[in-house]
Number of protein chains: 2
Amino acid sequence: MLSFLVSALVICHNGPMADPAPLTARARARAEITGEIKATARRHIAESGATALSLRAVARDLGMVSSALYRYFPSRDALLTALIVDAFDAVGEVAEKADRSESSGDAGDRWRAVGHAVRRWALDNPHEYALVYGSPVPGYVAPPDTIEPASRITTVLMTVLSAIAEESIQRVLPEPPASTAAELAAIAPDLPPAQTALGMAAWAQMFGAISLELFGHLESVVYDRDAFFDHLLTLAILEFRSSP
Amino acid sequence: MLSFLVSALVICHNGPMADPAPLTARARARAEITGEIKATARRHIAESGATALSLRAVARDLGMVSSALYRYFPSRDALLTALIVDAFDAVGEVAEKADRSESSGDAGDRWRAVGHAVRRWALDNPHEYALVYGSPVPGYVAPPDTIEPASRITTVLMTVLSAIAEESIQRVLPEPPASTAAELAAIAPDLPPAQTALGMAAWAQMFGAISLELFGHLESVVYDRDAFFDHLLTLAILEFRSSP
DNA sequence: AAGAAACGAGAGCACCGCTCTTGACAAGGG
DNA sequence: CCCTTGTCAAGAGCGGTGCTCTCGTTTCTT
């Protein structure tokens, strides 16, 4: 199964090797197989959801035996965590790309573009979205590895929020309570806490709307979901910049 | 185990029975046991979450054998569905009670009271909240039984929304797109669609905020969650009534 | 009182996550 | 060059799961 890999490695070792990281054949094979495991697991999740993910089924698809998977992931939870990290990264990348593609427009358009991009990704990968923003598995505690990829999208939203604050007339906003103001000042020092609070409200609204739609709570209520979501974004953007 | 039930029934049958529905001993026992099954299942879920719910464990706790449970619920999914319906009902009741207790105040206070009550219930019953508003189990499709209990809380929110619309000066709101306007007019005929859209935005924000908090996305971001959530409600209420 | 319906118990099936052991193979030092 | 060491896939096996079927027993209905 891995013979082609091994032979490829031999060639690499014999010929001129520009790779700065001299990966041994085993290390290469290991990375390759780890990727294949994650890929098929992701495929299974896309079809049947996270709770139905079975190590044995993944192993069967890969032509190996279930116990062999434990060489690569110490437990089912570990595999799920790896997929969660990847999903966080994917949604972060989608948001960044949408922001960049709209960076010439005004900040409101950037927020709208990011919102639509995130929703589009969620609709295209519902089970992965559920993995990240749905209810976590009962005993699951987010390992530290997830914190960094999770911050990618919030960074994008914060950036857009700053841009909005810069380009539009500052609106008179209600001051958050002292504790909240201090906490928001800690995570966004260059923004007035009232503005950051408004951004988090918009964040909650955005993910709330996507979750409501994806988890079936808009069924027989709203049908043209594209238009509805766009209007919600309009309301949020309007609230950002409408002067009192 | 059920002997006390049987004897109680005998007494009921012999003595004066005012029950308008002449339940047989079997029917009474069935209702009783069904309730016990749901209660222990709810307890298990409160401790370990829905995905860890095991019919065999529930049966063990009740001193019966797993196959006996199938006399009451045709499948694990059916039991879960019953619990979902109960959870919908519970959150609906909490919302109604909060609304009633604040019905003397102005409409903004009512919205705030409902919001805090729902969040409080979610924090007290996180796994049940996840059951209802978290990611549904992969193959799960909401049966028609869930629609009616699910509408309880939305009805409360709609009522409060109407009250807000009545008592405060109508704000100039952006008109939703035609399709959205038509759909919102269908579910709330006596409200301008723009106002209903604002209500749904606030709804999404409320559940988004609760979900973000409950599912760990506010970790190391916001610590005084009570104050933060209250401020979010303040922003929503303000948006309801602030004139442009 | 007799037949029908509902019930609890038990055995059994296929599947799951996970552990342990075994034998094959590559990597690197003597 | 061989030989030790570490890594790997495979297999058997354990306890657990949802679910089905059968078999006596109990309860309701007629």
Side-chain angles (χ1 to χ4, degrees), chain A residues 1-10 12-14 22-34 36-37 41 44-45 48-82 137-140, chain B residues 1-3 5-10 12-13 21-34 36-37 41 44-45 48-83 137-140:
Chain A
M1 173 181 53
L2 298 173
S3 52
F4 74 97
L5 256 177
V6 175
S7 54
L9 172 88
V10 170
C12 280
H13 261 276
N14 289 354
L23 286 179
T24 127
R26 237 210 276 271
R28 283 180 55 94
R30 182 173 185 84
E32 180 85 12
I33 294 182
T34 303
E36 287 183 13
I37 292 173
H44 283 204
I45 282 187
S48 328
T51 73
L53 177 66
S54 150
L55 290 187
R56 294 179 114 112
V58 171
R60 265 195 303 272
D61 263 28
L62 261 59
M64 8 188 214
V65 103
S66 71
S67 60
L69 284 192
Y70 287 84
R71 297 269 176 203
Y72 299 90
F73 296 95
S75 72
R76 180 178 176 275
D77 251 30
L79 175 56
L80 268 179
T81 299
V137 225
Y140 185 79
Chain B
M1 174 184 53
L2 300 174
S3 51
L5 255 177
V6 175
S7 52
L9 172 89
V10 170
C12 280
H13 261 276
L23 286 179
T24 94
R26 225 205 281 265
R28 283 181 56 93
R30 183 174 183 82
E32 181 84 10
I33 295 182
T34 304
E36 287 182 13
I37 293 173
H44 283 204
I45 282 186
S48 327
T51 72
L53 177 67
S54 151
L55 289 189
R56 293 178 113 112
V58 171
R60 267 196 302 272
D61 263 27
L62 262 57
M64 4 188 217
V65 104
S66 72
S67 60
L69 284 192
Y70 287 84
R71 299 276 180 199
Y72 300 89
F73 296 95
S75 73
R76 181 178 176 276
D77 251 29
L79 175 56
L80 269 179
T81 299
L83 295 177
V137 223
Y140 186 79

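Chain letters run A, B, ... following the sequence lines, proteins first, then strands; residues in each count from 1.
With D/dC28, D/dG18, D/dA9 as the candidates, the nucleotide lying closest to the side chain of B/Tyr70 is D/dG18. Picking from C/dA9, D/dC28, D/dA10 the nucleotide with the shortest atom distance to the side chain of A/Met64 gives D/dA10. Considering only the side chain of B/Leu55, D/dG18 comes nearest among D/dG18, C/dC16, D/dT22.
Atom pair A/Leu62:CG and D/dA9:P shows a separation of 10 Å (rounding to whole Å applied). What separates CD1 of B/Ile37 from C1' of C/dG8 is a distance of 12 Å, to the nearest Å. Rounded to an integer number of Å, the gap from A/Asp77 CG to C/dC16 C1' is 14 Å. The interatomic distance linking A/His44 (NE2) with C/dC16 (P) rounds to 10 Å, in whole Å. Separating the CZ atom of B/Phe73 from the P atom of C/dG8 is a distance of 13 Å, rounded to the nearest angstrom. Atom CG of B/Leu69 and atom C1' of C/dC7 are 13 Å apart (whole Å).
A/Ile45 contributes atom CD1, which lies 7.0 Å from atom CG of A/Leu79 (distance to the nearest 0.5 angstrom).
Among the atoms of the strands shown, none is found under 4.0 Å from any heavy atom of A/Leu79.
Nearest-nucleotide positions on DNA chain C for A/Arg71 and A/Ala57 put A/Ala57 closer to the 5' end. Place B/Pro74 and A/Tyr72 on DNA chain D by their nearest nucleotides, and A/Tyr72 ends up nearer the 5' end.
Nearest heavy atoms, A/Phe73 versus A/Ala82: CE2-CB, 3.9 Å. For B/Ala50 against B/Leu80, the heavy-atom pair with the smallest separation is CB-CD2, 4.2 Å.
Within the 3.5 Å criterion, the main-chain N or O of A/Leu53 finds a donor-acceptor partner in the side chain of A/Arg76.
In terms of phosphate contacts, B/Arg76 brings a side-chain nitrogen or oxygen within less than 4.0 Å of OP1 or OP2 of D/dG18. Applying the 4.0 Å criterion to OP1 and OP2 of D/dT26, one finds that B/Arg26 has every side-chain N and O outside that range.
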Which nucleotides of nucleotides 10-15 of chain C have their base under 4.0 Å from a protein heavy atom (B), which only their sugar-phosphate (S), and which neither (-), written as one string 5' to 3'?
B-B---
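Residue pairs meeting the salt bridge (Lys or Arg N to Asp or Glu O under 4.0 Å) criterion with at least one member in residues 49-60 of chain B: none, sequence neighbours excluded.
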Under 3.5 Å, side-chain donor or acceptor atoms of residues 62-71 of chain A against the rest of the protein: list the pairs with distances, not counting sequence neighbours.
none

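For B/Ala27, the side chain to side chain contact (heavy atoms under 4.5 Å, CB included) partners at least two apart in sequence or on another chain are B/Leu23, B/Thr24.
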